[in-house]
Amino acid sequence: MTHVSLVDLIAGARAGLLVSFPTDTVPALAALPEKAGLIFAAKQRSQDKPLILMGASAEDLWPYVQGSENELKIWQDVANRHWPGALTLVLPASQKVPKQMNPTDPSTIGIRVPQSAIAQTILAQTGALATTSANFSGQQPLLKLAEIAEQFPEVLTLEPTQFNGEFSGIGVPSTVSKWTGRNWEILRQGTVKLSF
């Protein structure tokens, strides 16, 4: 089991290692965007299931998407209402997104800002990270630190003392909403309800 301090987890992520940390929904498995292949391998995840780009703030994420001035305004309005929070927006990807993030359809990227102080602290120092739930593909998200450390012994997980050993997440993955070019399509309903 690889339990590490916050400082070592941040250093590990920046060095290109797989890490896991609490978020406001379910614990994340994360890596640098260009190292996203590590997540697919660890989870035994199908290449057609893209990862989410998580950032400490909306400003960290907008460079990864591209749209018209009007679209950006629509997206930012939704983000301003629901971020930080349990909403992932799937938007047209910019050239900045590594192909490894979404191997079968690199034209889109899911982005999210979590409402979790510990996650924001980490992301503020690593930059945006490729993330997904910590579990083998097709299984329920793992919610306990010990389970994550056991299932993914190669992943750096945060020392329980770094956040009182508690995951404050709600245990439900984020709502995923995709921009179709004209409006929003809900791909996965979580706790956030979008009203258009």
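What you see is a predicted model, and the numbers here were worked out from it, not measured in a lab. Throughout, numbering of the chain's residues begins at 1 and tracks the sequence.
The closest donor-acceptor contact from the side chain of Ser177 to the backbone of Ile186 lies at 3.5 Å or more, if one exists at all. Put simply, the side chain of Thr2 gets close to the backbone of Pro153: a donor and an acceptor are under 3.5 Å apart. Looking only at distances, no side-chain donor or acceptor of Asp48 sits under 3.5 Å from a matching main-chain atom of Thr104. Trp83 places a side-chain N or O within 3.5 Å of a backbone atom of Leu87 that can act as its donor or acceptor partner. Distance alone, capped at 3.5 Å, places no donor-acceptor pair between the Thr126 side chain and the Ile10 backbone. With Glu34 contributing its side chain and Pro98 its backbone, the two residues share no donor-acceptor pair below 3.5 Å. With hydrogens and angles ignored, the 3.5 Å screen pairs no side-chain donor or acceptor of Gln100 with any backbone N or O of Pro33.
The structure places CG of Leu9 at 9.0 Å from CD1 of Ile118, a figure rounded to the nearest 0.5 Å. In this structure, the separation between CG on Asn102 and CD on Gln47 is 9.5 Å, given to the nearest 0.5 Å. Note: Lys96 NZ to Gln66 CD = 13.0 Å, rounded to the nearest 0.5 Å. Considering OG1 of Thr191 and CG of Asp24, their distance stands at 8.0 Å, rounded to 0.5 Å. Rounded to the nearest 0.5 angstrom, Leu89 CG and Arg112 CZ are separated by 10.5 Å. Atoms CZ and CG, on Phe21 and Leu29 in that order, are 9.5 Å from each other to the nearest 0.5 Å.
Every residue two or more places apart in sequence or in another chain that forms a side-chain contact (heavy atoms from CB on, under 4.5 Å) with Ala130 is listed here: Ala36, Ile39, Leu51, Met101. Partners of Tyr64 under the ring pair (Phe, Tyr, Trp, His ring centres under 6.0 Å) rule, at least two apart in sequence or in another chain, do not exist in this structure. With sequence neighbours excluded, the residues satisfying side-chain contact (heavy atoms from CB on, under 4.5 Å) with Asn70 are Ser68, Ile74.
Residue Ile109 is grouped with residue Leu72 when hydrophobic side chains (ILVMFWY) are merged at heavy-atom distances under 4.5 angstrom, including chains of intermediate members. At a threshold of 4.5 Å between side-chain heavy atoms, the hydrophobic network of Ile, Leu, Val, Met, Phe, Trp and Tyr places Leu18 and Phe136 in one connected group. Hydrophobic cluster membership differs between Trp184 and Val90, with clusters built from Ile, Leu, Val, Met, Phe, Trp and Tyr side chains linked at under 4.5 angstrom. Under the 4.5 Å side-chain heavy-atom criterion for grouping Ile, Leu, Val, Met, Phe, Trp and Tyr, Val97 is not connected to Val176 through any hydrophobic cluster.
Annotation for Leu123 and Ala56: closest pair CB-N, 3.6 Å, computed over non-hydrogen atoms. The nearest pair of heavy atoms linking Gly16 to Leu38 is O-CD1, 3.3 Å. Considering every non-hydrogen atom in both Ala128 and Leu53, the closest pair reads CB-CG, 3.9 Å. Closest approach of Phe40 to Ser46, counting heavy atoms only: CE2-O, 3.4 Å. Nearest heavy-atom pair, Thr175 versus Gly190, reported as atom, atom and distance to 0.1 Å: OG1-N, 2.8 Å. Pairing each heavy atom of Ala28 with each of Thr23, the nearest pair is CB-CG2, 3.7 Å.
At a threshold of 4.5 Å between non-hydrogen side-chain atoms, the residues Ile52 and Thr132 do not count as touching. Between Leu194 and Val78 the shortest side-chain heavy-atom distance falls below 4.5 Å. Inter-residue side-chain proximity for Pro84 and Val113 is flagged as met; some heavy-atom pair is nearer than 4.5 Å. Side chains of Leu91 and Trp75 form a contact here, defined as non-hydrogen atoms less than 4.5 Å apart. Contact annotation: the side chain of Lys43 approaches that of Ser133 to within less than 4.5 Å [non-hydrogen atoms, C-beta and beyond]. Proximity of Ile111 to Trp62: side-chain heavy atoms (C-beta onward) are separated by under 4.5 Å at one or more points.
Side-chain contact of Thr88 with Ser174: a donor-acceptor pair under 3.5 Å is present, judged by distance alone.
Gln140 CD: 12 or fewer foreign heavy atoms inside a 6.0 Å radius. Other residues, nucleotides and ligands contribute at most 12 non-hydrogen atoms within 6.0 Å of the CZ atom of Arg14.
Across Leu142, Asn135, Leu143, a single residue satisfies side chain to side chain contact (heavy atoms under 4.5 Å, CB included) together with Pro27, and that is Leu143.
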Practice prompt. Start with the C-alpha distance between His3 and Leu145, add both sets of side-chain angles, then the distance that settles side chain to side chain contact (heavy atoms under 4.5 Å, CB included), and finish with yes or no.
Written response: CA-CA 9 Å; His3 286 146; Leu145 200 63; 4.1 Å; yes

Practice prompt. For the pair Asp77 and Arg81, evaluate salt bridge (Lys or Arg N to Asp or Glu O under 4.0 Å) and give the outcome as yes or no after the intermediate values.
Written response: CA-CA 6 Å; Asp77 284 348; Arg81 280 204 306 274; 5.8 Å; no

